[in-house]
Amino acid sequence: MPHSIVFYVFAAIMFLGALGVVFSRNPVHAVMFLVFTFFNAAILWLLAEAEFLAIVLVLVYVGAVMVLFLFVVMMLEVDVEAAKRGMTRYAPLGVGLALVMAFELVNVIWLRSRMPETGSGFKPTPEGYSNTEALGAVLYTEHVLAFEIAAVILLLAIIAAITLTMRRRPGLKVQNIAKQVAVRAKDRVRVVKMDAEKKR
Amino acid sequence: MPEFATNFINAAVAWWLSLPGTVQYLGTTLFKITIVTFAVIICVAFSTYFERKVIGSMQARVGPNRVGWNGILQPFADVIKLLIKEVIVPSQSSRFLYVIAPLLSLMPALAAWAVIPMNDWFVIADINAGLLYVLALTSLGVYGVILAGWATNSKYALLGAMRSAAQIVAYEIAMGFALVGVLMAGGSLNIGDIVEAQSGGFSNWFIIWLFPLFIVYWIAGVAETNRAPFDVAEGESEIVAGFHVEYSGVAFALFFLAEYANMILISTLTAVFFLGGWASPFEGWAIFEPYHDLPLIGWFFGGGFPWLFLKMAFFMYVFFWLRATFPRYRYDQIMRLGWKVFIPVTIVWIAVEGAMAWFQVGPWAPTGV
(Lines give C-alpha, C1' and ligand atoms only; values in the text may rest on other atoms or scores of the structure.)
Protein backbone atom coordinates (compact mmCIF):
# COMPACT_ATOMS: atom_id res chain seq x y z
CA MET A 1 0.00 0.00 0.00
CA PRO A 2 2.73 2.59 0.73
CA HIS A 3 3.61 2.22 -2.94
CA SER A 4 0.22 3.50 -4.08
CA ILE A 5 0.21 6.27 -1.46
CA VAL A 6 3.51 7.54 -2.87
CA PHE A 7 2.07 7.24 -6.37
CA TYR A 8 -1.02 9.29 -5.55
CA VAL A 9 0.99 11.95 -3.71
CA PHE A 10 3.35 12.49 -6.62
CA ALA A 11 0.58 12.21 -9.20
CA ALA A 12 -1.35 14.93 -7.36
CA ILE A 13 1.74 17.17 -7.18
CA MET A 14 2.36 16.56 -10.86
CA PHE A 15 -1.22 17.52 -11.67
CA LEU A 16 -0.86 20.75 -9.70
CA GLY A 17 2.39 21.47 -11.53
CA ALA A 18 0.66 20.93 -14.88
CA LEU A 19 -2.10 23.33 -13.81
CA GLY A 20 0.61 25.81 -12.91
CA VAL A 21 2.02 25.59 -16.46
CA VAL A 22 -1.36 26.53 -17.91
CA PHE A 23 -2.40 29.20 -15.43
CA SER A 24 0.79 31.08 -14.57
CA ARG A 25 0.92 34.50 -16.21
CA ASN A 26 4.67 34.73 -16.38
CA PRO A 27 6.14 32.52 -19.13
CA VAL A 28 9.33 31.85 -17.14
CA HIS A 29 7.25 30.63 -14.22
CA ALA A 30 5.29 28.43 -16.64
CA VAL A 31 8.53 26.86 -17.90
CA MET A 32 9.65 26.19 -14.32
CA PHE A 33 6.31 24.55 -13.57
CA LEU A 34 6.82 22.35 -16.61
CA VAL A 35 10.26 21.35 -15.30
CA PHE A 36 8.65 20.51 -11.99
CA THR A 37 6.00 18.42 -13.76
CA PHE A 38 8.68 16.50 -15.67
CA PHE A 39 10.45 15.74 -12.41
CA ASN A 40 7.30 14.28 -10.92
CA ALA A 41 6.70 12.26 -14.07
CA ALA A 42 10.23 10.89 -13.67
CA ILE A 43 9.43 9.90 -10.10
CA LEU A 44 6.29 8.09 -11.28
CA TRP A 45 8.37 6.19 -13.80
CA LEU A 46 10.86 5.28 -11.10
CA LEU A 47 7.96 3.89 -9.08
CA ALA A 48 7.07 1.75 -12.10
CA GLU A 49 10.71 0.51 -12.06
CA ALA A 50 11.44 2.13 -15.41
CA GLU A 51 14.62 3.81 -14.18
CA PHE A 52 16.10 4.25 -17.65
CA LEU A 53 13.11 6.22 -18.92
CA ALA A 54 13.00 8.27 -15.73
CA ILE A 55 16.66 9.28 -15.92
CA VAL A 56 16.49 9.95 -19.64
CA LEU A 57 13.42 12.13 -19.11
CA VAL A 58 15.41 14.25 -16.67
CA LEU A 59 18.54 14.20 -18.83
CA VAL A 60 16.92 15.08 -22.15
CA TYR A 61 13.81 17.08 -21.32
CA VAL A 62 14.83 18.82 -18.11
CA GLY A 63 18.56 19.03 -18.76
CA ALA A 64 18.51 20.04 -22.42
CA VAL A 65 15.12 20.83 -23.98
CA MET A 66 13.74 22.92 -21.14
CA VAL A 67 17.00 24.83 -20.77
CA LEU A 68 16.63 25.96 -24.37
CA PHE A 69 12.94 26.76 -23.76
CA LEU A 70 13.93 28.89 -20.80
CA PHE A 71 16.60 30.55 -22.89
CA VAL A 72 14.11 31.56 -25.58
CA VAL A 73 11.34 32.55 -23.20
CA MET A 74 13.70 34.76 -21.20
CA MET A 75 14.83 36.53 -24.35
CA LEU A 76 11.36 37.09 -25.78
CA GLU A 77 9.08 39.77 -24.45
CA VAL A 78 5.89 37.70 -24.33
CA ASP A 79 2.82 39.89 -24.51
CA VAL A 80 0.19 38.14 -22.41
CA GLU A 81 -2.61 40.48 -23.55
CA ALA A 82 -1.93 39.73 -27.22
CA ALA A 83 -2.00 36.02 -26.51
CA LYS A 84 -5.36 36.41 -24.76
CA ARG A 85 -6.93 38.18 -27.73
CA GLY A 86 -7.11 34.96 -29.76
CA MET A 87 -8.70 33.14 -26.82
CA THR A 88 -12.28 33.03 -28.06
CA ARG A 89 -11.22 32.06 -31.56
CA TYR A 90 -9.00 29.13 -30.49
CA ALA A 91 -10.94 27.97 -27.45
CA PRO A 92 -13.34 25.58 -29.31
CA LEU A 93 -10.42 23.89 -31.07
CA GLY A 94 -8.54 23.53 -27.78
CA VAL A 95 -11.54 22.12 -25.96
CA GLY A 96 -12.16 19.68 -28.81
CA LEU A 97 -8.57 18.44 -28.74
CA ALA A 98 -8.70 18.09 -24.96
CA LEU A 99 -11.90 16.05 -25.21
CA VAL A 100 -10.39 13.73 -27.82
CA MET A 101 -7.30 13.20 -25.64
CA ALA A 102 -9.37 12.58 -22.53
CA PHE A 103 -11.49 10.06 -24.46
CA GLU A 104 -8.37 8.24 -25.65
CA LEU A 105 -6.86 8.14 -22.18
CA VAL A 106 -10.01 6.82 -20.56
CA ASN A 107 -10.38 4.31 -23.35
CA VAL A 108 -6.83 2.99 -22.88
CA ILE A 109 -7.19 2.76 -19.12
CA TRP A 110 -10.60 1.12 -19.36
CA LEU A 111 -9.44 -1.39 -21.95
CA ARG A 112 -6.33 -2.19 -19.93
CA SER A 113 -8.33 -2.75 -16.77
CA ARG A 114 -10.47 -5.26 -18.68
CA MET A 115 -7.48 -7.27 -19.82
CA PRO A 116 -6.88 -10.16 -17.46
CA GLU A 117 -3.05 -10.19 -17.54
CA THR A 118 -2.45 -6.48 -16.95
CA GLY A 119 -5.45 -5.76 -14.77
CA SER A 120 -3.69 -6.82 -11.59
CA GLY A 121 -1.20 -3.96 -11.60
CA PHE A 122 2.55 -4.02 -11.97
CA LYS A 123 4.52 -7.15 -11.47
CA PRO A 124 7.84 -6.42 -9.78
CA THR A 125 10.75 -7.08 -12.09
CA PRO A 126 13.03 -10.01 -11.22
CA GLU A 127 16.24 -9.43 -9.24
CA GLY A 128 19.19 -8.26 -11.33
CA TYR A 129 17.01 -7.17 -14.24
CA SER A 130 18.23 -3.94 -15.82
CA ASN A 131 15.80 -2.27 -18.17
CA THR A 132 18.63 -0.15 -19.57
CA GLU A 133 20.23 -3.33 -20.85
CA ALA A 134 16.92 -4.74 -21.98
CA LEU A 135 16.13 -1.59 -23.98
CA GLY A 136 19.61 -1.51 -25.49
CA ALA A 137 19.39 -5.15 -26.50
CA VAL A 138 16.25 -4.66 -28.60
CA LEU A 139 16.93 -1.08 -29.76
CA TYR A 140 20.05 -1.98 -31.72
CA THR A 141 18.91 -5.36 -33.00
CA GLU A 142 15.18 -5.74 -33.54
CA HIS A 143 14.28 -2.08 -33.94
CA VAL A 144 17.49 -0.90 -35.55
CA LEU A 145 15.69 0.29 -38.70
CA ALA A 146 13.21 2.46 -36.79
CA PHE A 147 16.06 3.74 -34.65
CA GLU A 148 18.09 4.76 -37.68
CA ILE A 149 15.09 6.36 -39.37
CA ALA A 150 14.56 8.43 -36.22
CA ALA A 151 18.22 9.45 -36.33
CA VAL A 152 17.96 10.51 -39.97
CA ILE A 153 14.80 12.52 -39.26
CA LEU A 154 16.58 14.32 -36.42
CA LEU A 155 19.54 15.07 -38.67
CA LEU A 156 17.17 16.44 -41.31
CA ALA A 157 15.51 18.61 -38.67
CA ILE A 158 18.87 20.01 -37.62
CA ILE A 159 19.89 20.81 -41.19
CA ALA A 160 16.49 22.31 -41.95
CA ALA A 161 16.56 24.49 -38.84
CA ILE A 162 20.04 25.75 -39.68
CA THR A 163 19.22 26.50 -43.33
CA LEU A 164 16.01 28.30 -42.34
CA THR A 165 17.67 30.54 -39.77
CA MET A 166 21.06 31.08 -41.34
CA ARG A 167 21.53 34.49 -42.86
CA ARG A 168 24.63 36.15 -44.19
CA ARG A 169 24.89 39.82 -43.42
CA PRO A 170 27.10 41.75 -45.78
CA GLY A 171 29.97 43.59 -44.16
CA LEU A 172 29.97 41.44 -41.03
CA LYS A 173 33.30 41.49 -39.23
CA VAL A 174 34.42 38.13 -37.86
CA GLN A 175 37.70 36.82 -36.62
CA ASN A 176 39.49 34.21 -38.67
CA ILE A 177 40.58 31.96 -35.85
CA ALA A 178 42.92 29.82 -37.97
CA LYS A 179 44.75 33.00 -38.92
CA GLN A 180 44.92 34.13 -35.29
CA VAL A 181 46.29 30.79 -34.18
CA ALA A 182 48.91 30.80 -36.92
CA VAL A 183 50.30 34.17 -35.85
CA ARG A 184 53.87 34.05 -34.56
CA ALA A 185 55.73 36.65 -32.57
CA LYS A 186 57.85 37.71 -35.53
CA ASP A 187 54.73 38.70 -37.50
CA ARG A 188 53.71 41.17 -34.85
CA VAL A 189 56.83 42.34 -33.08
CA ARG A 190 59.82 43.84 -34.82
CA VAL A 191 63.04 43.91 -32.84
CA VAL A 192 65.02 46.96 -33.83
CA LYS A 193 68.69 47.19 -33.08
CA MET A 194 70.00 50.69 -32.62
CA ASP A 195 72.90 52.33 -30.94
CA ALA A 196 72.42 53.97 -27.60
CA GLU A 197 71.83 57.67 -27.95
CA LYS A 198 73.99 60.21 -26.28
CA LYS A 199 72.46 62.32 -23.57
CA ARG A 200 72.32 65.90 -24.52
CA MET B 1 34.35 -0.64 29.69
CA PRO B 2 31.98 -0.14 32.61
CA GLU B 3 29.04 -2.51 32.84
CA PHE B 4 26.32 0.07 32.33
CA ALA B 5 27.96 1.20 29.07
CA THR B 6 28.04 -2.39 27.77
CA ASN B 7 24.41 -2.83 28.77
CA PHE B 8 23.48 0.39 27.07
CA ILE B 9 25.23 -0.56 23.83
CA ASN B 10 23.66 -4.01 23.85
CA ALA B 11 20.23 -2.52 24.43
CA ALA B 12 20.75 0.00 21.64
CA VAL B 13 21.86 -2.71 19.22
CA ALA B 14 18.90 -4.91 20.18
CA TRP B 15 16.52 -1.98 19.69
CA TRP B 16 18.02 -1.23 16.27
CA LEU B 17 17.73 -4.85 15.15
CA SER B 18 14.12 -5.01 16.34
CA LEU B 19 13.12 -2.20 13.97
CA PRO B 20 11.48 -3.16 10.66
CA GLY B 21 13.80 -3.60 7.67
CA THR B 22 12.54 -0.50 5.87
CA VAL B 23 13.29 1.71 8.85
CA GLN B 24 16.77 0.22 9.20
CA TYR B 25 17.43 0.79 5.51
CA LEU B 26 16.19 4.37 5.77
CA GLY B 27 18.32 4.97 8.86
CA THR B 28 21.56 3.65 7.36
CA THR B 29 20.97 5.51 4.10
CA LEU B 30 20.31 8.79 5.91
CA PHE B 31 23.46 8.21 7.94
CA LYS B 32 25.51 7.63 4.76
CA ILE B 33 24.02 10.72 3.12
CA THR B 34 24.92 12.81 6.17
CA ILE B 35 28.50 11.53 6.13
CA VAL B 36 29.01 12.18 2.42
CA THR B 37 27.38 15.63 2.45
CA PHE B 38 29.36 16.68 5.48
CA ALA B 39 32.60 15.40 3.95
CA VAL B 40 31.93 17.27 0.71
CA ILE B 41 31.24 20.50 2.57
CA ILE B 42 34.43 20.15 4.64
CA CYS B 43 36.34 19.45 1.42
CA VAL B 44 34.85 22.61 -0.10
CA ALA B 45 35.93 24.65 2.91
CA PHE B 46 39.51 23.45 2.77
CA SER B 47 39.77 23.57 -1.01
CA THR B 48 39.21 27.33 -0.83
CA TYR B 49 42.20 27.47 1.52
CA PHE B 50 44.14 25.12 -0.78
CA GLU B 51 43.30 27.33 -3.76
CA ARG B 52 44.48 30.52 -2.11
CA LYS B 53 47.71 28.91 -0.93
CA VAL B 54 48.43 27.34 -4.34
CA ILE B 55 47.70 30.49 -6.31
CA GLY B 56 49.54 32.53 -3.69
CA SER B 57 52.72 30.56 -4.06
CA MET B 58 52.42 30.53 -7.87
CA GLN B 59 52.28 34.30 -7.75
CA ALA B 60 55.08 34.52 -5.16
CA ARG B 61 52.76 35.58 -2.31
CA VAL B 62 52.11 33.82 0.98
CA GLY B 63 48.33 33.53 0.79
CA PRO B 64 46.16 33.53 3.93
CA ASN B 65 48.30 33.24 7.07
CA ARG B 66 46.44 35.08 9.85
CA VAL B 67 43.66 32.82 11.16
CA GLY B 68 45.04 29.75 12.90
CA TRP B 69 48.29 27.99 12.09
CA ASN B 70 49.42 29.26 8.66
CA GLY B 71 45.88 30.46 8.06
CA ILE B 72 44.38 26.96 8.26
CA LEU B 73 41.19 28.29 9.88
CA GLN B 74 40.65 30.93 7.19
CA PRO B 75 37.73 29.02 5.56
CA PHE B 76 35.80 29.11 8.85
CA ALA B 77 36.41 32.81 9.23
CA ASP B 78 35.06 33.27 5.69
CA VAL B 79 31.99 31.17 6.40
CA ILE B 80 31.19 33.15 9.55
CA LYS B 81 31.63 36.39 7.64
CA LEU B 82 29.24 35.23 4.92
CA LEU B 83 26.68 33.96 7.42
CA ILE B 84 26.41 37.21 9.33
CA LYS B 85 26.18 39.40 6.25
CA GLU B 86 22.80 40.73 5.26
CA VAL B 87 20.98 39.09 2.36
CA ILE B 88 19.65 41.83 0.11
CA VAL B 89 16.85 40.94 -2.27
CA PRO B 90 16.62 43.45 -5.13
CA SER B 91 13.21 45.12 -5.04
CA GLN B 92 12.49 44.49 -8.75
CA SER B 93 13.48 40.83 -8.58
CA SER B 94 11.26 37.79 -8.90
CA ARG B 95 11.49 36.98 -5.22
CA PHE B 96 10.71 33.27 -5.09
CA LEU B 97 12.99 32.34 -7.98
CA TYR B 98 15.69 34.65 -6.62
CA VAL B 99 15.73 32.74 -3.35
CA ILE B 100 15.38 29.27 -4.85
CA ALA B 101 18.10 29.69 -7.54
CA PRO B 102 21.10 29.09 -5.23
CA LEU B 103 19.39 25.98 -3.87
CA LEU B 104 18.77 24.72 -7.41
CA SER B 105 22.45 25.02 -8.19
CA LEU B 106 23.59 23.36 -4.96
CA MET B 107 21.12 20.47 -4.94
CA PRO B 108 22.40 18.60 -8.06
CA ALA B 109 26.02 19.16 -7.03
CA LEU B 110 25.36 17.29 -3.79
CA ALA B 111 22.83 14.75 -5.10
CA ALA B 112 25.22 13.41 -7.74
CA TRP B 113 27.41 11.97 -4.97
CA ALA B 114 24.77 9.31 -4.31
CA VAL B 115 26.11 6.96 -6.98
CA ILE B 116 29.84 7.59 -6.61
CA PRO B 117 31.64 4.67 -5.01
CA MET B 118 34.24 5.72 -2.42
CA ASN B 119 35.85 2.28 -2.20
CA ASP B 120 34.83 -1.26 -2.98
CA TRP B 121 31.92 -1.25 -0.53
CA PHE B 122 30.88 2.31 0.34
CA VAL B 123 28.33 3.76 -2.06
CA ILE B 124 24.99 5.29 -1.10
CA ALA B 125 22.98 3.93 -4.02
CA ASP B 126 24.50 1.15 -6.11
CA ILE B 127 22.19 1.62 -9.09
CA ASN B 128 22.54 0.13 -12.56
CA ALA B 129 22.21 3.39 -14.46
CA GLY B 130 24.66 5.31 -12.26
CA LEU B 131 26.50 7.00 -15.11
CA LEU B 132 23.23 8.22 -16.65
CA TYR B 133 22.17 9.52 -13.26
CA VAL B 134 25.39 11.54 -12.96
CA LEU B 135 24.89 12.95 -16.46
CA ALA B 136 21.27 13.85 -15.70
CA LEU B 137 22.09 15.61 -12.44
CA THR B 138 25.11 17.51 -13.71
CA SER B 139 22.91 18.83 -16.52
CA LEU B 140 20.56 20.35 -13.94
CA GLY B 141 23.09 22.72 -12.39
CA VAL B 142 22.50 25.21 -15.19
CA TYR B 143 19.01 26.03 -13.86
CA GLY B 144 20.40 27.71 -10.79
CA VAL B 145 22.59 29.91 -12.96
CA ILE B 146 19.90 30.86 -15.49
CA LEU B 147 17.25 31.52 -12.88
CA ALA B 148 19.63 33.57 -10.76
CA GLY B 149 20.45 35.70 -13.77
CA TRP B 150 16.83 36.17 -14.76
CA ALA B 151 15.30 36.58 -11.30
CA THR B 152 17.79 39.26 -10.29
CA ASN B 153 16.40 41.52 -13.03
CA SER B 154 19.76 43.07 -13.76
CA LYS B 155 21.54 43.38 -17.11
CA TYR B 156 24.88 42.10 -15.89
CA ALA B 157 23.32 39.11 -14.21
CA LEU B 158 21.28 38.24 -17.29
CA LEU B 159 24.33 38.52 -19.54
CA GLY B 160 26.29 36.27 -17.22
CA ALA B 161 23.47 33.74 -17.10
CA MET B 162 23.21 33.69 -20.91
CA ARG B 163 26.94 33.14 -21.35
CA SER B 164 27.01 30.46 -18.72
CA ALA B 165 23.99 28.63 -20.11
CA ALA B 166 25.35 28.61 -23.67
CA GLN B 167 28.70 27.39 -22.40
CA ILE B 168 27.29 24.64 -20.21
CA VAL B 169 24.94 23.39 -22.95
CA ALA B 170 27.81 23.31 -25.46
CA TYR B 171 30.27 21.46 -23.24
CA GLU B 172 27.74 19.03 -21.88
CA ILE B 173 27.58 17.36 -25.28
CA ALA B 174 31.34 16.81 -25.44
CA MET B 175 31.24 15.54 -21.86
CA GLY B 176 28.44 13.11 -22.64
CA PHE B 177 30.27 11.78 -25.69
CA ALA B 178 33.47 11.31 -23.66
CA LEU B 179 31.43 9.29 -21.18
CA VAL B 180 30.06 7.18 -24.04
CA GLY B 181 33.67 6.17 -24.64
CA VAL B 182 34.10 5.28 -20.95
CA LEU B 183 30.89 3.31 -21.10
CA MET B 184 32.14 1.33 -24.11
CA ALA B 185 35.39 0.51 -22.34
CA GLY B 186 33.79 -0.27 -18.99
CA GLY B 187 30.92 -2.25 -20.45
CA SER B 188 28.50 -1.06 -17.76
CA LEU B 189 26.58 1.99 -16.61
CA ASN B 190 27.25 1.14 -12.97
CA ILE B 191 30.12 3.29 -11.74
CA GLY B 192 31.38 0.58 -9.41
CA ASP B 193 31.64 -1.80 -12.36
CA ILE B 194 33.51 0.84 -14.36
CA VAL B 195 36.10 1.07 -11.59
CA GLU B 196 36.30 -2.72 -11.36
CA ALA B 197 36.96 -2.85 -15.10
CA GLN B 198 40.10 -0.77 -14.52
CA SER B 199 41.49 -2.93 -11.73
CA GLY B 200 44.86 -4.62 -12.09
CA GLY B 201 47.32 -1.77 -11.94
CA PHE B 202 48.15 1.41 -13.79
CA SER B 203 48.31 -0.22 -17.23
CA ASN B 204 44.60 -1.08 -17.08
CA TRP B 205 43.39 2.44 -16.35
CA PHE B 206 41.27 3.95 -19.08
CA ILE B 207 43.48 7.03 -19.31
CA ILE B 208 45.88 5.06 -21.48
CA TRP B 209 43.44 3.84 -24.11
CA LEU B 210 41.05 6.76 -23.88
CA PHE B 211 43.60 9.53 -23.53
CA PRO B 212 41.89 11.99 -25.95
CA LEU B 213 38.58 11.42 -24.16
CA PHE B 214 40.29 12.06 -20.83
CA ILE B 215 41.58 15.42 -22.09
CA VAL B 216 38.17 16.34 -23.53
CA TYR B 217 36.35 15.27 -20.38
CA TRP B 218 38.66 17.20 -18.11
CA ILE B 219 38.61 20.44 -20.11
CA ALA B 220 34.85 20.17 -20.61
CA GLY B 221 34.59 19.65 -16.85
CA VAL B 222 36.52 22.85 -16.21
CA ALA B 223 34.19 24.65 -18.62
CA GLU B 224 31.08 23.11 -17.00
CA THR B 225 32.06 24.46 -13.61
CA ASN B 226 32.64 27.95 -15.07
CA ARG B 227 36.18 28.02 -13.78
CA ALA B 228 39.06 29.93 -15.29
CA PRO B 229 40.01 29.99 -18.16
CA PHE B 230 36.35 29.48 -19.06
CA ASP B 231 34.92 31.95 -16.55
CA VAL B 232 33.30 34.37 -18.99
CA ALA B 233 30.10 33.82 -17.00
CA GLU B 234 31.68 35.71 -14.13
CA GLY B 235 33.98 37.87 -16.22
CA GLU B 236 34.65 40.44 -13.51
CA SER B 237 36.35 42.84 -15.89
CA GLU B 238 33.23 43.12 -18.10
CA ILE B 239 30.10 42.13 -16.17
CA VAL B 240 31.24 42.49 -12.53
CA ALA B 241 30.39 39.01 -11.27
CA GLY B 242 27.93 37.63 -13.80
CA PHE B 243 24.86 35.80 -12.64
CA HIS B 244 25.47 36.23 -8.90
CA VAL B 245 26.22 39.95 -8.99
CA GLU B 246 23.27 40.86 -6.73
CA TYR B 247 23.64 37.96 -4.30
CA SER B 248 25.12 38.54 -0.88
CA GLY B 249 25.61 36.72 2.40
CA VAL B 250 24.23 33.19 2.67
CA ALA B 251 22.70 33.23 -0.82
CA PHE B 252 26.12 33.94 -2.31
CA ALA B 253 27.69 31.34 -0.03
CA LEU B 254 25.37 28.72 -1.53
CA PHE B 255 26.53 29.56 -5.07
CA PHE B 256 30.10 29.42 -3.86
CA LEU B 257 29.48 26.06 -2.20
CA ALA B 258 27.81 24.74 -5.37
CA GLU B 259 30.73 25.82 -7.56
CA TYR B 260 33.31 24.13 -5.38
CA ALA B 261 31.17 21.04 -4.81
CA ASN B 262 30.90 20.77 -8.60
CA MET B 263 34.66 21.09 -8.94
CA ILE B 264 35.21 18.32 -6.42
CA LEU B 265 32.60 16.24 -8.20
CA ILE B 266 34.26 16.70 -11.61
CA SER B 267 37.67 15.88 -10.08
CA THR B 268 36.33 12.73 -8.47
CA LEU B 269 34.49 11.67 -11.62
CA THR B 270 37.62 12.14 -13.71
CA ALA B 271 39.52 9.99 -11.21
CA VAL B 272 36.78 7.37 -11.25
CA PHE B 273 36.31 7.19 -15.02
CA PHE B 274 39.90 7.47 -16.19
CA LEU B 275 42.28 6.83 -13.29
CA GLY B 276 40.75 3.78 -11.71
CA GLY B 277 38.93 5.45 -8.81
CA TRP B 278 40.01 3.90 -5.54
CA ALA B 279 42.37 1.42 -7.26
CA SER B 280 46.07 1.56 -6.50
CA PRO B 281 48.48 1.88 -9.46
CA PHE B 282 50.55 -0.91 -7.90
CA GLU B 283 47.67 -3.35 -7.91
CA GLY B 284 48.62 -6.66 -9.46
CA TRP B 285 52.39 -6.23 -8.89
CA ALA B 286 53.49 -9.53 -7.42
CA ILE B 287 56.20 -7.99 -5.18
CA PHE B 288 53.63 -5.85 -3.37
CA GLU B 289 51.13 -8.69 -2.89
CA PRO B 290 52.15 -9.42 0.77
CA TYR B 291 51.70 -5.79 1.83
CA HIS B 292 48.00 -5.49 0.87
CA ASP B 293 46.81 -6.18 4.41
CA LEU B 294 49.22 -3.94 6.30
CA PRO B 295 47.24 -1.96 8.89
CA LEU B 296 47.90 1.68 8.00
CA ILE B 297 49.62 1.73 4.61
CA GLY B 298 48.00 -1.34 3.04
CA TRP B 299 45.80 0.93 0.91
CA PHE B 300 48.89 2.26 -0.81
CA PHE B 301 49.45 -1.11 -2.46
CA GLY B 302 46.01 -2.66 -2.38
CA GLY B 303 43.82 0.36 -3.12
CA GLY B 304 41.16 2.12 -1.08
CA PHE B 305 39.53 5.45 -0.38
CA PRO B 306 42.84 7.34 0.18
CA TRP B 307 43.81 6.75 -3.44
CA LEU B 308 40.52 8.25 -4.64
CA PHE B 309 41.10 11.20 -2.35
CA LEU B 310 44.65 11.73 -3.62
CA LYS B 311 43.53 11.62 -7.24
CA MET B 312 40.71 14.03 -6.48
CA ALA B 313 43.12 16.38 -4.71
CA PHE B 314 45.47 16.25 -7.69
CA PHE B 315 42.70 17.33 -10.06
CA MET B 316 41.65 20.09 -7.68
CA TYR B 317 45.26 21.26 -7.82
CA VAL B 318 45.08 21.25 -11.63
CA PHE B 319 41.95 23.44 -11.42
CA PHE B 320 43.90 26.04 -9.43
CA TRP B 321 46.98 25.63 -11.59
CA LEU B 322 44.92 26.39 -14.71
CA ARG B 323 43.40 29.39 -13.01
CA ALA B 324 46.80 30.82 -12.13
CA THR B 325 48.22 30.12 -15.59
CA PHE B 326 45.80 30.95 -18.39
CA PRO B 327 44.08 34.16 -19.41
CA ARG B 328 40.33 34.05 -19.95
CA TYR B 329 39.02 32.60 -23.21
CA ARG B 330 37.05 34.85 -25.50
CA TYR B 331 33.40 33.84 -25.96
CA ASP B 332 33.74 32.84 -29.64
CA GLN B 333 36.88 30.84 -28.83
CA ILE B 334 34.97 28.92 -26.16
CA MET B 335 32.21 28.06 -28.61
CA ARG B 336 34.72 27.06 -31.28
CA LEU B 337 36.61 24.79 -28.90
CA GLY B 338 33.44 23.10 -27.67
CA TRP B 339 31.63 22.55 -30.95
CA LYS B 340 34.36 22.36 -33.56
CA VAL B 341 37.19 20.67 -31.67
CA PHE B 342 35.90 18.57 -28.78
CA ILE B 343 32.81 17.05 -30.34
CA PRO B 344 34.64 15.86 -33.50
CA VAL B 345 37.51 14.50 -31.35
CA THR B 346 35.13 12.47 -29.19
CA ILE B 347 33.18 11.14 -32.18
CA VAL B 348 36.38 10.06 -33.93
CA TRP B 349 37.66 8.39 -30.78
CA ILE B 350 34.41 6.52 -30.28
CA ALA B 351 34.89 5.11 -33.79
CA VAL B 352 38.51 4.23 -32.92
CA GLU B 353 37.24 2.48 -29.80
CA GLY B 354 34.80 0.53 -31.94
CA ALA B 355 37.75 -0.64 -34.04
CA MET B 356 39.73 -1.50 -30.89
CA ALA B 357 36.81 -3.53 -29.57
CA TRP B 358 36.52 -5.32 -32.92
CA PHE B 359 40.21 -6.25 -32.94
CA GLN B 360 40.12 -6.97 -29.20
CA VAL B 361 42.96 -4.76 -28.04
CA GLY B 362 43.33 -2.68 -24.87
CA PRO B 363 40.44 -2.96 -22.42
CA TRP B 364 38.71 -5.38 -24.77
CA ALA B 365 41.54 -7.91 -24.84
CA PRO B 366 40.09 -11.34 -24.04
CA THR B 367 42.56 -11.98 -21.19
CA GLY B 368 42.15 -8.58 -19.60
CA VAL B 369 38.46 -9.00 -18.80
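Here is the naming used below: chain letters follow the sequence lines, and residue numbers restart at 1 for every chain.
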*Asks:* Check whether Ile55(A) gets within reach of chain B through its side chain, its backbone, both or neither, counting any heavy atom under 4.5 Å.
*Replies:* both
*Asks:* Ignoring hydrogens, what is the shortest heavy-atom contact between Val58(A) and Ala136(B)? Give both atom names and the distance.
*Replies:* CG1-CB, 4.1 Å
*Asks:* Below 4.5 Å from any heavy atom of chain A, which atoms of Ile173(B) appear? Answer side chain, backbone, both or neither.
*Replies:* neither
*Asks:* What part of Leu104(B) gets closer than 4.5 Å to chain A, counting heavy atoms only: side chain, backbone, both or neither?
*Replies:* side chain
*Asks:* Which region of Ile146(B), side chain (C-beta onward) or backbone (N, CA, C, O), has a non-hydrogen atom less than 4.5 Å from a non-hydrogen atom of chain A, or is it both or neither?
*Replies:* both
*Asks:* Nearest 0.5 angstrom please: Phe52(A) CZ to Leu189(B) CG, how far?
*Replies:* 8.0 Å
*Asks:* Counting backbone as well as side chains, what donor-acceptor pairs lie under 3.5 Å between chain A and chain B?
*Replies:*
residue: His29(A); atom: NE2; partner: Ser94(B); partner atom: OG; Å: 3.4
residue: Val62(A); atom: O; partner: Tyr143(B); partner atom: OH; Å: 2.5
residue: Gln180(A); atom: OE1; partner: Arg330(B); partner atom: NH2; Å: 3.2

*Asks:* Heavy-atom distances under 4.5 Å only: say whether Val35(A) touches chain B with side chain, backbone, both or neither.
*Replies:* side chain
*Asks:* Please tabulate, for side-chain N and O atoms in residues 148-164 of chain A, each donor-acceptor pair with protein atoms closer than 3.5 Å (sequence neighbours left out).
*Replies:*
residue: Thr163(A); atom: OG1; partner: Ile159(A); partner atom: O; Å: 2.6
residue: Thr163(A); atom: OG1; partner: Ala160(A); partner atom: O; Å: 3.0

*Asks:* Considering non-hydrogen atoms only, spot the tightest contact between Ala165(B) and Phe71(A) and give its length.
*Replies:* CB-CE1, 3.3 Å
*Asks:* Count the heavy atoms of every other residue, nucleotide or ligand shown that sit under 6.0 Å from CZ of Phe38(A), and state whether that count exceeds 12.
*Replies:* yes
*Asks:* Could you give the distance from CG (Leu147(B)) to CE (Met32(A)), rounded to the nearest 0.5 Å?
*Replies:* 4.5 Å
*Asks:* Are the side chains of Val28(A) and Leu97(B) in contact, using a 4.5 Å heavy-atom criterion?
*Replies:* yes
